[in-house]
> 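This is the structure, below, for whatever I ask next.
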Amino acid sequence: MSKIDDDAWLYTISSKRKLIDFNFKEIWRYRDLLLLFVKRDVVTVYKQTILGPLWYLIQPLFTALTFTLIFNKVANIETGTVPPFLFNLAGVSVWNYFNTCLTTTSDTFKTNAAIFGKVYFPRIIVPLSIIISNLMKFGIQLLIFIAFYIYYYINGAAIHVDGSMVFFPVLVLLMGLIGLGLGMIISSMVTKYRDLKFLVGFGVQLLMYVSAVMYPLALMREKLPKIAWLVEYNPLAYMIETARFMLLGTGTFSWFGILYTVGVTLVVLLLGIVIFNRTEKTFIDTV
């Protein structure tokens with residue numbers, strides 16, 4: 001029998017893969033499936049709920065209101081000339097995108113075990129669909145922020161959009177990529193260590209408090225200089241601080257912080273891809 005050339009096949013499924021394998025060509029072939037997963041994520045999250053998609057709006061509004069009452073009214077954290085509610089809403093909206101990307105992606109293998117065990121497709125499509133679907137939710141929340149921004153601006157609040165706003169989509173992309181990378185790492189670990197899942201929610205809450213979501217980065221440096229390094233070495237803090245600088249004209253913009261954030265994001269993303277690709281070969285035996 002003549003030997004069949006591997007190039008004659010459209011797909012070659014093999015357990016032997018490169019250390020870093022992000023097959024864009026294969027993902028593009030499965031783009032219809034990617035869009036189908038995106039639709040599933042958007043439609044089914046609040047299916048059979050009373051308020052439905054309104055939860056996209058209610059959650060950031062109530063969180064920003066709670067932060068305003070506790071941190072600004074009770075703890076007297078100042079936000080300069082920016083209204084405290086708008087300050088918190090900006091931070092919460094950006095943080096929520098990372099939060100939902102991380103927490104949803106971190107359960108990829110367990111949630112989709114039935115699908116992964118029956119049919120082949122690039123597994124990374126599932127976490128990618130989560131990042132894209134959450135981007136749509138973030139867009140809805142951003143519209144609510146814009147509505148309140150216009151309201152406060154009309155009423156004379158000292159806020160303005162900085163010229164660096166043109167790079168805001170890049171900032172959002174970084175938030176999604178670092179959430180994707182961390183989520184894939186956690187999802188891979190959860191297949192063997194089930195109790196890690198219970199620590200994710202708690203850990204994300206702690207991470208929020210060291211990510212400058214409800215306070216200016218400069219305040220941490222001024223009030224708690226001994227532990228300020230916890231925030232300063234957190235790339236998420238730079239992202240949220242930069243987002244507020246772009247959206248409200250408050251806070252600081254640091255090129256070092258941006259370059260540091262890009263570097264950490266790329267490292268986390270590549271590490272996530274490596275661990276995810278290695279885990280998908282054997283996860284079905286441990287899930």
> Grab the two heavy atoms, one from G251 and one from F245, that are nearest each other, plus how far apart they are.
O-CD1, 3.7 Å
> Would you say N96 and N134 are linked by a side-chain donor-acceptor pair, where the criterion is simply a distance under 3.5 Å?
no
> Do M208 and V204 have side chains that approach each other closer than 4.5 Å (heavy atoms only, starting at C-beta)?
no
> Over all heavy atoms of both residues, which pair between V210 and A237 is shortest? Give the atoms and the distance, please.
O-CB, 4.2 Å
> Supply the atom-to-atom distance Q141 CD to L61 CG, rounded to the nearest 0.5 angstrom.
8.5 Å
> Is there a side-chain contact between M246 and V166, using heavy atoms and a 4.5 Å cut-off?
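Side-chain contact under 4.5 Å: no.
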> Hey, quick one: are Y233 and L206 part of the same hydrophobic cluster, counting side-chain heavy atoms closer than 4.5 Å, chains of contacts allowed?
no
> Tell me whether V82 is reachable from I70 by hopping between hydrophobic residues (I, L, V, M, F, W, Y) whose side-chain heavy atoms are closer than 4.5 Å.
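As far as the 4.5 Å side-chain criterion goes, V82 and I70 are connected within one cluster.
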> Side chains of L102 and I186: does their closest heavy-atom pair fall under 4.5 Å?
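L102 vs I186: side chains touch.
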> Give, for atom CD of Q59 and atom OG of S93, the distance between the pair rounded to the nearest 0.5 Å.
9.0 Å
> Okay, side chain of E241, backbone of F253: is any donor-acceptor separation there less than 3.5 Å?
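No, E241 side chain to F253 backbone: no donor-acceptor pair under 3.5 Å.
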> Any heavy-atom pair between the side chains of I131 and Y97 that's under 4.5 Å?
yes
> From I185 CD1 over to I275 CD1, what is the distance, rounded to the nearest 0.5 angstrom?
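Result: 4.5 Å between the selected atoms.
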> Measuring centre to centre across the rings, with the benzene-like ring taken for any Trp, is Y215 within less than 6.0 Å of F71?
no
> If I take atom OG1 from residue T81 and atom NE2 from residue H160, how far apart are they, to the nearest 0.5 angstrom?
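Between atom OG1 of T81 and atom NE2 of H160 there are 8.5 Å.
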> Hey, mind stepping through F168 and L142 against side chain to side chain contact (heavy atoms under 4.5 Å, CB included) and telling me if it holds?
CA-CA 12 Å; F168 185 71; L142 191 61; 4.2 Å; yes
> Hey, any chance L171 and V267 share a hydrophobic cluster, counting ILVMFWY side chains that come within less than 4.5 Å of each other, even indirectly?
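Different clusters.
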> Would you give the length of the straight line joining atom CD1 of I154 to atom OH of Y149, rounded to the nearest 0.5 angstrom?
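Here the rounded value is 11.5 Å.
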> Using the rule side chain to side chain donor-acceptor pair (under 3.5 Å), only one of T79, T68, T63 pairs with N88; which is it?
T68
> Just do the side chain to side chain contact (heavy atoms under 4.5 Å, CB included) check on F37 and L128 with the steps written out, would you?
CA-CA 9 Å; F37 278 128; L128 280 177; over 6 Å; no
> When hydrophobic residues are tied together by side-chain contacts of less than 4.5 Å, even through go-betweens, does V170 share a cluster with I258?
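In one cluster: no.
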> Do W255 and M239 land in one hydrophobic cluster if side-chain heavy atoms of ILVMFWY residues count as linked below 4.5 Å?
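Yes; tracing contacts between hydrophobic side chains, which count when under 4.5 Å, links both residues.
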> How about I178 and L269: do any of their side-chain heavy atoms sit closer than 4.5 Å?
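I178 does not reach L269 side chain to side chain.
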> Is there a side-chain contact between F87 and F67 (heavy atoms, below 4.5 Å)?
no
> Contact between F98 and L207 at the side-chain level, heavy atoms closer than 4.5 Å - yes or no?
yes
> Would you check if the side chain of N234 reaches a backbone N or O of L230 as a donor-acceptor pair within less than 3.5 Å?
no
> Looking at S129, is its backbone amide N or carbonyl O close enough to the side chain of R40 to form a donor-acceptor pair, meaning the two atoms are under 3.5 Å apart?
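Judged by distance alone, no pair lies under 3.5 Å.
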> Quick one: closest heavy-atom pair of L180 and P127, and the distance?
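For L180 versus P127, the nearest heavy atoms are CD1-CB, 3.5 Å.
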> Locate the shortest heavy-atom distance separating L86 from L248; write the atom from each residue and the value.
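Looking at all heavy atoms of both residues, the closest pair is CD2-CD2, 3.7 Å.
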> Using modelled atom types only, decide if a donor and an acceptor are shared between the side chain of Y152 and the backbone of A147 within a distance under 3.5 Å.
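It does not hold such a pair.
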> Backbone N or O of I130 within a donor-acceptor pair of the S133 side chain at under 3.5 Å?
yes
> Look at the side chain of Y238 and the backbone N and O of E232, then say whether any donor-acceptor pair between them is shorter than 3.5 Å.
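It does hold such a pair.
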> What closest approach, in Å, do P60 and L89 show between heavy atoms, and which atom pair accounts for it?
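Looks like O-CD1, 3.9 Å.
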> Between S187 and G183 (side chain of the first, backbone of the second, donor and acceptor by atom type, cut-off under 3.5 Å), is there such a pair?
no
> Can you tell me how far CD1 of I227 sits from CE of M220, rounded to the nearest 0.5 angstrom?
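These two atoms lie 5.5 Å from each other.
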> Taking the side chain as everything from C-beta on, heavy atoms only, tell me whether M165 gets closer than 4.5 Å to L247.
yes
> Ignoring hydrogens and angles, tell me if any N or O in the side chain of S106 forms a donor-acceptor pair with the backbone of T103 under 3.5 Å.
yes
> Near M189 CE, under 6.0 Å, is it more than 12 heavy atoms from other residues, nucleotides or ligands?
no
> Search all heavy atoms of L174 against all heavy atoms of T261 and return the closest pair with its distance.
CD1-CG2, 4.3 Å
